[in-house]
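Just so we're on the same page: letters track the sequence lines, and every chain starts at 1.
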2 protein chains.
Amino acid sequence: MLDNTDKNILEELSKNSRLTMKELGEKVHLTGPAVSARVAKLEDQGIIEGYAIKINPAKLGLFVHAFITIITQSTNHQPYLSFLKSQEQYIIHHYKISGDGCYLLECRFPSNEKLNDFLEALNHYANYKLSIVINEK
Amino acid sequence: MLDNTDKNILEELSKNSRLTMKELGEKVHLTGPAVSARVAKLEDQGIIEGYAIKINPAKLGLFVHAFITIITQSTNHQPYLSFLKSQEQYIIHHYKISGDGCYLLECRFPSNEKLNDFLEALNHYANYKLSIVINEK
DNA sequence: GTGTTTTACTTTATTTATGAAAGGAGTGCA
DNA sequence: TGCACTCCTTTCATAAATAAAGTAAAACAC
């Protein structure tokens, strides 16, 4: 399905998706139009879903990175889900999981105070276990 | 530090980082050169760290998305860390955390079989708790 | 209040990249 | 051998990026 050139294209675009087609072509030993056609194909196949930027969260004042495992008390998750919708600003990802909880939240907060506020509000809807990220890697 | 135009720029680039500066300019009501200068500034400030692609993992055959909480037995984490380095293909993120474990791993595997192989190997170095992602959101 | 500097922008002109079209090389197949 | 298909290159018209110059408004010194 994907040959080595395609894999190289994905790798180069992962590192820098704003390469020009000419630059990308040079990296994978193709001309601009050739690599452009391949990228279009990868988009059509849905392998490339989109193009995004990497933002430094600390520079935006988001200093606290937390994972919160949710254990809902009630079988009706709707109140919890509605609450979450009101807190979208802090939520990066929200996964439904099997294992030690019902959901896993990945969040970023400006401060421990805001995290504390969030947890107090959350506690009306669910129990939780908190993990704070100290470091990546 | 950031005005509304900058926030709009970050939002638009998060949705599509391959916009031309001319298109981006139209969205935030600036000319190409003006928005180009702002983006360059955001890069210099380290707010924009880079440009990446969103890849559909399932289309690359990565069907199993898992979070693994690591509880190391020994105080010497080095064997575990070396083991991880040999398994880089599966690791998306590796966080050092406070809370219910020492580390949190975010991984993607082609299949439950590969996940099982990974866990059996992992078990020589650490205890773990496994959460498998059923769904995002 | 006046003159100066700074900042952020627009306009213009040159350079560079994109994208469409045509053509060629290699592969599979009847 | 001849045909169809895929994937590529080359060429060229169009569009975008970028550098440079000029403008307008705000900040500041005196």
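Of the side-chain N and O atoms in Lys41(B), one or more sit less than 4.0 angstrom from OP1 or OP2 of dA8(C). For the pair Thr31(B) and dT10(C), the criterion of a side-chain N or O lying under 4.0 Å from OP1 or OP2 is met.
Here the side chain of Lys59(A) pairs a donor or acceptor atom with the backbone of Gln45(B) at under 3.5 angstrom.
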Donor-acceptor pairs under 3.5 angstrom involving side-chain atoms of residues 32-39 of chain B: please list them, not counting sequence neighbours.
residue, atom, partner, partner atom, Å
Arg38(B), NH1, Asp3(B), OD1, 2.9
Arg38(B), NH1, Asp3(B), OD2, 3.0
Arg38(B), NH1, Asp6(B), OD1, 3.1
Arg38(B), NH1, Asp6(B), OD2, 3.4
Arg38(B), NH2, Asp3(B), OD2, 3.2

Would you mind writing out the side-chain donor-acceptor pairs for residues 83-92 of chain B within the sub-3.5 Å range, not counting sequence neighbours?
residue, atom, partner, partner atom, Å
Ser86(B), OG, Phe83(B), O, 2.5

Please set out all donor-acceptor pairs under 3.5 angstrom arising from side-chain atoms of residues 13-23 of chain B, sequence neighbours excluded.
residue, atom, partner, partner atom, Å
Ser14(B), OG, Leu10(B), O, 2.7
Asn16(B), OD1, Arg18(B), N, 2.9
Ser17(B), OG, Ser17(A), OG, 3.2
Ser17(B), OG, Ala52(A), N, 3.3
Ser17(B), OG, Ala52(A), O, 3.3
Arg18(B), NH1, Ser17(A), O, 2.9
Arg18(B), NH1, Leu19(A), O, 3.1
Arg18(B), NH2, Leu19(A), O, 3.2
Thr20(B), OG1, Glu23(B), N, 3.0
Thr20(B), OG1, Glu23(B), OE1, 3.3
Glu23(B), OE1, Thr20(B), N, 2.9

Only distances under 3.5 Å count here; give the side-chain donor-acceptor pairs of residues 130-137 of chain A to other protein atoms, sequence neighbours excluded, each with its distance to 0.1 Å.
residue, atom, partner, partner atom, Å
Glu136(A), OE2, His93(B), ND1, 2.6

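Across the protein-nucleic acid pair, His29(B) atom NE2 and dT10(C) atom C1' stand 17 Å apart, rounded to whole Å. For Lys22(B) and dC9(C), the NZ to C1' distance is 18 Å, given to the nearest whole Å. Atoms CG (Asp44(B)) and P (dT7(C)) sit 14 Å apart, rounded to a whole Å. Following rounding to the nearest Å, Glu23(A) (CD) and dT16(C) (C1') show an atom-to-atom distance of 10 Å.
Proximity of the aromatic rings of Phe63(A) and His65(A) is defined here by a centroid distance below 6.0 angstrom, and this criterion is not met.
Distances were taken from every side-chain heavy atom of Arg38(B) (C-beta onward) to each of dA8(C), dT10(C), dA17(C); the shortest belongs to dA8(C).
Of all heavy-atom pairs between Tyr51(A) and Lys54(B), the closest is N-CE, 4.2 Å.
Counting non-hydrogen atoms under 4.0 angstrom, Thr20(B) reaches the backbone sugars and phosphates but no base.
Residues Val35(A) and Met21(B) each lie close to DNA chain D; by heavy-atom proximity, the contact nearer the 5' end of the strand is made by Val35(A).
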Protein-nucleotides 21-25 of chain C N/O pairs under 3.5 Å:
none

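Put simply, Tyr128(A) and Ile97(B) are part of two different groups of oily side chains (I, L, V, M, F, W, Y) that touch within less than 4.5 Å, one to the next.
Running 5' to 3' along DNA chain D, contacts with non-hydrogen atoms of chain A at under 4.0 Å begin and end at dC7(D) to dT10(D).
The one candidate from His77(A), Lys96(A), His94(A) that meets the side-chain hydrogen bond (donor to acceptor under 3.5 Å, both in side chains) condition with Tyr103(A) is His77(A).
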